[in-house]
Amino acid sequence: MKGTPKEKSTVVFVIANHKGGAAKTTTAINLADNIAQEGHSVCLLDLDPQANGSRHIGLSHPSEIKYTAADLLSIPELPLAVFIHDETRVEGVSLIYGSIALENSDDLLRAEPRPNEVLKERIAPLMGKADFIIIDCPPSLKLLTTNALAAGTHLIVPVESGDAYGLHGHEDLLSRVKKMKQINPTLLNLGVLLNRHDQRQVVCKNMEENAANLYGAVIPIKIGTTTKVKQASSLQCTLRQLDSGNTVSQQFRNLAQWLIAETKEFREEV
Ligand SMILES: Nc1ncnc2c1ncn2[C@@H]1O[C@H](COP(=O)(O)OP(=O)(O)O)[C@@H](O)[C@H]1O
Ligand SMILES: [Mg+2]
């Protein structure tokens, strides 16, 4: 790969929120699927020790995988290719597996001379090769998430719309983003993605307003609620694979199309 001319700019979506249950993994998987359906190459990078995303779309269990994201961060001698699994349950989507070993990554990263910049260096060979990389972050603001923020090009923050405390602690996330912008000044904050949104509910309307005030932006495509999300994860398929006509399934397709259009100029910059 080294020495070959860069043909395009790779979009690196960072899907982050320090809260668990905010739909980071659901968003990462269904976005990956729908972006791939539009004909783009996508690599899902699972940075969560729970590895739910890897379990969902991987052909193997994360515990059976020799080199996972934890090794990507700790063994710089290994070429990036050994981490990328081209075959997954989702056509057009490759996977860098997460694993429980990521639990130790924070401690290991802390010992690095530039603890926030390890991931950026490690995925550099993919830049200009893949169309999209989607990073599924763990529910924390520690070094795994700050590494993703330092390596990313665009930030998406899924929030549970009906949760009155859904924006609790987001000043901390925003202050991490601000700090990482010193390292990664071009990181673009696309803002909050409202998940389980119901426009008829006052709590959801308030959330939209508060999210816009706090983040400066709310992604115009909102995601509703469906029991099919859980069904899809237990069947290890995406919402589209399960039921492409489902409203939430179509909302994820709209979101993918919106993001593809939104990043077009960026992708064509070389
Ligand atoms: N739009 C939705 N409708 C119904 N259930 C959802 C929706 N989005 C997420 N969920 C469910 O909420 C839970 C948390 O979602 P998940 O994507 O795992 O969050 P995170 O990765 O932020 O921890 C999962 O059980 C998932 O199935
Ligand atoms: Mg998750």
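Each ligand, and each atom within it, is numbered from 1 in the order the structure gives. Only a predicted model underlies this, so the values are computations on that prediction, with no experimental measurement involved.
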Any N, O or S atom of Thr25 closer than 2.8 Å to the Mg ion (ligand 2): yes

Parallel, tilted or perpendicular, as decided by the 30° and 60° cut-offs, for the rings of Tyr97 and His85: perpendicular

Would you say [X] has any N or O atom under 3.5 Å from an N or O of ligand 1, going by distance alone?
X: Thr225; result: no
X: Thr27; result: no
X: Lys24; result: yes
X: Val248; result: no

Same hydrophobic cluster for [X] and [Y], using side-chain heavy-atom links shorter than 4.5 Å among ILVMFWY?
X: Leu44; Y: Val12; result: no
X: Leu235; Y: Val93; result: no
X: Leu259; Y: Val159; result: no

Heavy-atom donor-acceptor pair, [X] side chain to [Y] backbone, under 3.5 Å:
X: Glu160; Y: Asn195; answer: no
X: Asn17; Y: Pro139; answer: no
X: Asp33; Y: Ile29; answer: no
X: Thr145; Y: Cys137; answer: no
X: Arg267; Y: Ser9; answer: no

Minimum non-hydrogen distance to [atom], winning option of [options]:
atom: atom 6 (C) of ligand 1; options: Asn17, Thr227, Val229; result: Val229
atom: atom 17 (O) of ligand 1; options: Val159, Thr26, Asn30; result: Thr26
atom: atom 1 (N) of ligand 1; options: Ala232, Gly224, Ala23, Ser234; result: Gly224

Pair Lys228 + Asp243: basic N to acidic O under 4.0 Å: yes

Could you identify the single nearest non-hydrogen protein atom to [atom] and state the distance to 0.1 Å?
atom: atom 3 (N) of ligand 1; answer: Thr226 N, 3.1 Å
atom: atom 8 (N) of ligand 1; answer: Asn195 ND2, 3.0 Å
atom: atom 18 (O) of ligand 1; answer: Thr25 CB, 4.1 Å
atom: atom 10 (N) of ligand 1; answer: Arg196 NH2, 3.4 Å

Which of the ligand 1 atoms, numbered from 1, are nearer than 4.0 Å to a heavy atom of Ala22: 19 (O), 20 (P), 22 (O)

contact_flag Gly21 ligand 1 heavy-atom lt 4.0 Å: yes

Any Ser233 heavy atom less than 4.0 Å from ligand 1: no

Any protein heavy atom nearer than 4.0 Å to atom 24 (C) of ligand 1: no

